[in-house]
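Quick note: residue numbers are just sequence positions, from 1. Note that ligands are numbered from 1 as they come in the structure, with each ligand's atoms numbered from 1 the same way.
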Amino acid sequence: MDTVRVNLGPRSYDIAIGSREATSGLGAFVRAAVPKASTALVVGDSNTADGARKVEAALGANGLRSGFAEVPAGEASKCIVQLAKLYDALYDLAADRNTVVVAVGGGVIGDLAGFAAATYNRGLPLIMVPTSLLAMVDSSVGGKTGINHPKGKNLIGAFHQPAGVWIDLAHLATLPEREYLSGLAEVVKYGVILDTAFFDLLEASAKLVRDRKWDGLGQIVAHCCRLKADVVEKDEHETTGLRAVLNYGHTFAHAYETCGGYGTLLHGEAVAIGMTDAARLAHAMNFVGADFVARQTKLLEELWLPTAPLVTYPTDDLIAVMKRDKKAAGGKMKFVLPTRLGEVKLFDDVPEALVRAILEAR
Ligand code: GLY
């Protein structure tokens, strides 16, 4: 079993990574991460309910009185209605500050249950049990929680670090293919933004990784968690611009997700398209050559990820969403763009005409 420590002073925590049978060890992990816990609300969705029930049983066996809440699977659940249902479940459980919220699922469950934990009673401890690749390598780590506004992805949220993250790699074997491939987009992202050697490794083993035949998948997950932890440790609340590098491709991606209707594209699929747009934009700005765009595109395509939207969205609509993105300031769009493989920077002076050209030149 691997452990990645996220060092954030009093908010430090462990990411435990292993391939275990079901939930053995999880109860002890929760007890160690949240020693004062007496009750737990386990949150799952219609796809993870069985696993979430097992988590509930494991916590019960470790002396925690627990409740269970299930929301419909899919991005549309990151909304105020489902959030209110979690608040009701916490109320019904008579939750207090000794109640831990345990999120069992992909990025949607982590963000939604995490935001409920961040806000109920002004903050409850949170344990992440990510079951999708995307949640394992990105969204369960770093403390971003939130829900979508109908006109903008993740516009309502809070930083709330988990007390622990429990990754069971066994989930990867049963993940639907589209979900698994979607998570690979965030894996590629780490190579592009931070780690050339990791990008090289992904290129060399793309087909094996895509087909889940790469026996170092656990190492890939652990490596992504370590890379993310290093960034979060330096800029927990995204105030210096350093953490913003993790948003590579996300300004475009969030616009596609919002304009397409939440859940039409999986988040990772939108990120793959967004990273391609960001690379094309960086090339148009003369930051990188055409070879960079081609190399990144080839890897994404080998992982069967989309690199262009399947439908055309009105440019004005996409631009309007980008101007309200969380990174935007004073109506000015900001983009994380590559300057070479392994390095990206945040730019706030990209001419709108160039962005429009990237969106329209397909
Ligand atoms: N997913 C980007 C971040 O956690 O900062």
Side-chain angles (χ1 to χ4, degrees), residues 4 6-8 11-13 15 75 78 103 105-115 117-118 126 128 130 132-148 152-162 164-165 167 179 182-195 198 220-258 262 265-275 278 305 322 325-328 334-338 344-346:
V4 173
V6 186
N7 294 299
L8 292 168
R11 293 178 303 290
S12 299
Y13 54 95
I15 305 167
E75 186 72 30
K78 262 174 70 173
V108 169
I109 291 296
D111 284 9
L112 175 71
F115 189 56
L126 169 68
M128 293 289 204
S132 74
L133 178 61
L134 188 137
M136 290 177 190
V137 299
D138 183 44
S139 58
S140 70
V141 176
K144 280 190 181 174
T145 70
I147 59 170
N148 299 323
K153 172 121 173 152
N154 292 345
L155 283 185
I156 303 148
F159 287 101
H160 186 61
Q161 296 295 340
V165 181
I167 297 180
E179 283 277 347
S182 159
L184 289 178
E186 296 280 4
V187 173
V188 171
K189 179 189 81 176
Y190 287 109
V192 178
I193 66 174
L194 292 168
D195 190 339
F198 186 51
I220 286 182
V221 170
H223 189 65
C224 293
C225 288
R226 185 67 265 161
L227 289 172
K228 178 150 188 184
D230 287 346
V231 172
V232 170
E233 285 169 5
K234 291 186 191 113
D235 183 19
E236 183 183 359
H237 296 114
E238 208 166 301
T239 46
T240 67
L242 188 62
R243 182 166 179 166
V245 303
L246 298 171
N247 296 324
Y248 175 51
H250 283 59
T251 308
F252 288 104
H254 287 171
Y256 291 127
E257 288 181 89
T258 305
Y262 297 125
L265 280 170
L266 296 180
H267 178 58
E269 293 168 341
V271 168
I273 301 168
M275 289 195 294
L305 284 161
M322 289 188 199
D325 188 85
K326 290 183 301 309
K327 287 183 296 304
K334 287 190 186 172
F335 293 92
V336 177
L337 299 179
V344 289
K345 290 185 180 151
L346 186 60

For ligand 1, run through the N/O pairs with the protein that fall under 3.5 Å and put one pair on each line.
from	atom 1	to	atom 2	distance (Å)
ligand 1	1 (N)	Asp138	OD1	3.2
ligand 1	1 (N)	Asp138	OD2	3.2
ligand 1	4 (O)	Lys228	NZ	2.5
ligand 1	4 (O)	Arg243	NH2	2.8
ligand 1	5 (O)	Lys144	NZ	2.9
ligand 1	5 (O)	Arg243	NE	2.8
ligand 1	5 (O)	Arg243	NH2	3.3

Problem set entry | Listed partners of Asn148 passing side chain to side chain contact (heavy atoms under 4.5 Å, CB included), at least two apart | Glu75, Lys78, Lys153, Asn154, Tyr262

For this session: Anything under 30° is parallel, anything over 60° is perpendicular, the rest tilted; go ahead and classify Phe198 against His223.
Result: tilted

Exercise. Would you call Glu257 and Glu269 a side-chain contact if the rule is heavy atoms closer than 4.5 Å?
Worked result: no

Exercise. Name the one of Lys189, His254, Lys334, Glu238 that satisfies side chain to side chain donor-acceptor pair (under 3.5 Å) with Asn247?
Worked result: Glu238

For this session: Assign the ring pair Tyr256 / Phe252 to parallel, tilted or perpendicular, where the plane angle (0 to 90°) is split at 30° and 60°.
Result: parallel

For this session: State plainly whether the residues Arg226 and Asp230 are in salt-bridge range, i.e. N to O under 4.0 Å.
Result: yes

